[in-house]
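Numbers here are sequence positions counted from 1. As the structure lists them, so they are numbered: ligands from 1, and atoms in each ligand from 1.
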Amino acid sequence: MTLQTNLAQPDTPPIRLVIHGGAGSIERSKLTAEREQAYTQVLAQSLAAGYVILKAGGSSIDAVSAAIVVMEDSPLFNAGRGAVFTHAGRNELDASIMDGATRMAGAVAAITTIRNPIRAAHAVMTQSEHVMLIGQGAETFAAEQGLEIVDPSYFYTEFRWKQLQKAIAEERVLLDHDVDFGIPQPGKDEKRGTVGAVALDRYGNLAAGTSTGGLTNKRFGRVGDSPIIGAGTYADNRSVAVSATGTGEMFIRTAAAFSTAAQVHLLRTPIAEAADNALREIAAIGGDGGLIVLNAEGHYSMRFNTRGMFRGTIGNDGIAWIGIYSGNEMPVTNSPVAITP
Ligand code: ASP
């Protein structure tokens, strides 16, 4: 009887959230158990924040934003608080978001006082007629929109400051997860990164977002791929939602997020293959990193050509999966709200 009732019910529409916290030379030997647990916990909280929205019938855009806010607020990731420093000793933040239903998008770049850059990107998308606002203009707009403005010192973390001093001493501009870079202290040489999320809501709408502090020791108003629609972020209900992390210049030069979506849309390339093709193009010009990809059926892929990528996903069943290293995905919990890593 119960079985018949179940069979008579229409299929539950799929919901799905996929997140990343940066790709790089992340290896088990470089992460202490405590650090691993700390990252896992924030990733789980991020998944939980987006999941409760999707489960309650909220939109994919809101789920993406909520998931990213959790990682922006954590000092563990190179986004929001905990962002890397520029050569001039500032934290300059970039973010973007895109709605796959309307292909509306919003982005901010080189901002220094907006607590949650992804919220500013969202406001640009919904409350302005523009796609990208930068610097002082973006900050004035965010304040007008009632977003939280903080003193630039809010973004300061000692680890990032030391990372900048080392980068200056070595005269290098560093990806957050450069292979041979790290402060030589136990538990400190793990690589961290940009954050992103892609989501599918119960109405079949996709969304994508990405947020970053960019590169350590970056100069001259450098902006990477993360706030650039088509490079670091893309979403189109007809194909996929994509968020990227990695060597931003190469992701811009290969239009990585759009090229992944275009392969799926125009060539019907399977999503994992499309992501791998995009990563191959990036590798061919000397870059590396990762992509998370999700389609409107709820199929997803988390691909990277680095040693590891902080990542996780959750769907209708509420079971969160968190992965850090290559080929190692571990179920974290079967209850997305009561997280017990
Ligand atoms: N893609 C980012 C940038 O180039 C960096 C990262 O993913 O860690 O700004």
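- Atoms of ligand 1 found under 4.0 Å from any heavy atom of Thr245, numbered from 1 in the order shown, are 6 (C), 7 (O), 8 (O).
- Close N/O approach between Arg222 and ligand 1 is found [any backbone or side-chain N/O within under 3.5 Å].
- Evaluation of the side-chain hydrogen bond (donor to acceptor under 3.5 Å, both in side chains) rule for Glu273 yields no partner, not counting sequence neighbours.
- Checked against a 6.0 Å centroid threshold, the rings of Phe85 and Phe155 do not count as neighbours.
- Here's the thing with Thr212: none of its N/O atoms is less than 3.5 angstrom from an N/O atom of ligand 1.
- For ligand 1, the polar-atom distance check against Leu215 finds no nitrogen or oxygen pair separated by under 3.5 Å.
- With contacts defined as side-chain heavy-atom distances shorter than 4.5 Å, the pair Phe251/Leu291 qualifies.
- Checked against a 3.5 angstrom limit, the closest N/O atoms of Asp225 and ligand 1 fall inside it.
- Only the side chain of Ser226 comes within 4.0 Å of ligand 1, judged by heavy-atom distances.
- Nearest to atom 5 (C) of ligand 1 by heavy atom, out of Thr194, Thr247, Ile252, is Thr194.
- An N or O contact shorter than 3.5 Å is missing between Asn78 and ligand 1 by distance.
- The closest side-chain donor-acceptor pair between Arg81 and Thr157, if any, does not fall under 3.5 angstrom.
- Within the structure, ligand 1 lacks Gly22 among the residues with a heavy atom less than 4.0 angstrom away.
- Distances between N or O atoms of Gly248 and those of ligand 1 include at least one value under 3.5 Å.
- The line from CG of Asn237 to OG1 of Thr102 is 8.5 Å long, rounded to the nearest 0.5 Å.
- Residues Ile118 and Val108 do not share a hydrophobic cluster, clusters being chains of Ile/Leu/Val/Met/Phe/Trp/Tyr side chains in contact below 4.5 Å.
- Ring orientation note: the planes of Trp161 and Tyr156 are tilted relative to one another, at an angle of 30° to 60°.
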